[in-house]
Amino acid sequence: MLEQLYYERNWTMKDMNDIHLCQPDSRKSCGACCGLYNYRDSSRESLVKRLRTRTELFHEIVRRKNDLKTFSEKTKKIEDREKIYEVIYCCEFLGFLDHEEKRVGCLLHPLQNRDTDLRGASFYGKELCDGHLCPSYHYLSQEEKLTLIEIMDDWHLYGLCITDIDLVKEYFRLLCDGIGDKMDTDKFCSGTLRETMSRFFSLKTSWPFRSPEANRFGKYWFDGSQYMISHIDYENLGCARSRFDRIFMSLTSRFKNREELRAGEEIIGKNIDEFVDRYRKKY
Ligand code: SF4
Ligand code: SF4
């Protein structure tokens, strides 16, 4: 199956170390480091509206390089610019790259502009935009990257998960501990196993114990220009640190009481048990 995956994406085995996390395939992409999730309201619905409007505006008014300034000013004027973290810039040139709105990406990229690179007009400039590789490129293993790419088909969820190193590593570690084997993308992505993993990662947006605070992002808590790690107060809940602590933090959890914590543990535990059970039956 992996060979098939490489073939479909025009990859060769030589490219195994060059997995493109930003634009992995035609089903989704990521725009996290362009500030995509740094808006107070970064729900899928709100971001679709934002990206759609600016993409349409871009195609309507940008004919020449000089039009980029007008586009930038207009976009900033009509958009709600309230951010979670002031220090991170939210780039107005991030939009949809395809009609189906499956891929988010840079509207200034040469592939979008008949080989003309317009990124010099942006806040970060061409060199920074071109050369940036986020920590996920370095810290996620090949198997972790490939598995995530294989099971995800929505840009909003993909960007949230591919950048959450703790969530990805911890979940796959727990699965490997459960099956008593190392990770193998071919095996992990087959049949119903894939569905179990997809359900887990969808918790990133549907977690019932998610904190309602707008200044939280994963395990981080923002205070305008500073950020801190938001730990779970186990002492206050009257229980020991959960074995799913890292996952809970990544899911932006806030438990009101011990019962909620146990209910959260049950959701994660059941998913892992289901995977292990299905894996053992299959292999
Ligand atoms: S956060 Fe990482 S994967 Fe996402 S667009 Fe930036 S460099 Fe690419
Ligand atoms: S100009 Fe740079 S920051 Fe802006 S969307 Fe393009 S790549 Fe992202």
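The model shown is predicted, which means the values in this text are computed figures rather than measured ones. Counting convention: from 1, in listed order, for ligands and their atoms alike.
You'll find the side chain of Trp155 reaches within 4.5 Å of the side chain of Val48, heavy atoms only.
Phe248 and Phe255 have perpendicular rings, their planes meeting at more than 60° on a 0 to 90° scale where under 30° would count as parallel. Between Phe209 and Trp207, the two ring planes are perpendicular [angle over 60°; tilted spans 30° to 60°].
Which parts of ligand 2 touch Phe93 is read off a 4.0 Å heavy-atom cut-off, strictly below it: atoms 5 (S). Within the listing of ligand 2, atoms 3 (S) sit less than 4.0 angstrom from a heavy atom of Tyr124. Every atom of ligand 1 is numbered from 1 in the order shown, and the set under 4.0 Å from a heavy atom of Ala32 is 1 (S). Every atom of ligand 1 with a heavy atom of Thr163 under 4.0 Å away is listed here by number and element: 1 (S). The contact set between ligand 2 and Ser122, taken as ligand atoms under 4.0 Å from a residue heavy atom, comprises 1 (S). Taking every non-hydrogen atom of Cys91 and a distance limit under 4.0 Å, the qualifying atoms of ligand 2 come out as 1 (S), 3 (S), 4 (Fe), 5 (S). Close approach to Cys129 involves these atoms of ligand 2, each under 4.0 Å from a residue heavy atom: 1 (S), 2 (Fe), 3 (S), 7 (S).
Here the protein heavy atom with the shortest distance to atom 6 (Fe) of ligand 1 is Cys33 SG, 2.3 Å. From the protein, the heavy atom lying nearest to atom 2 (Fe) of ligand 1 is Cys134 SG, 2.3 Å. In terms of protein heavy-atom proximity, atom 5 (S) of ligand 1 is closest to Cys30 O, 3.3 Å. Of all protein heavy atoms, the one lying nearest to atom 8 (Fe) of ligand 1 is Cys22 SG, 2.3 Å.
Contact annotation for Tyr89 and ligand 2: no heavy atom of the residue comes within less than 4.0 Å of the ligand.
For the pair Lys187 and Tyr283, the cation-pi test (distance below 6.0 Å, angle within 45°) is passed. Stacking of Arg50 on the aromatic ring of Tyr39 is recorded, both the 6.0 Å distance cut-off and the 45° axial limit being met.
By the 6.0 Å contact criterion, CZ on Arg246 is open, its count of non-hydrogen atoms from other residues, nucleotides or ligands being 12 or less.
Closest approach of Leu175 to Val276, counting heavy atoms only: O-CG2, 4.4 Å.
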Kindly indicate, with the supporting measurements, whether the criterion salt bridge (charged side-chain N to carboxylate O under 4.0 Å, His left out) is fulfilled by Glu260 and Arg254. CA-CA 9 Å; Glu260 283 199 357; Arg254 191 177 73 179; over 6 Å; no
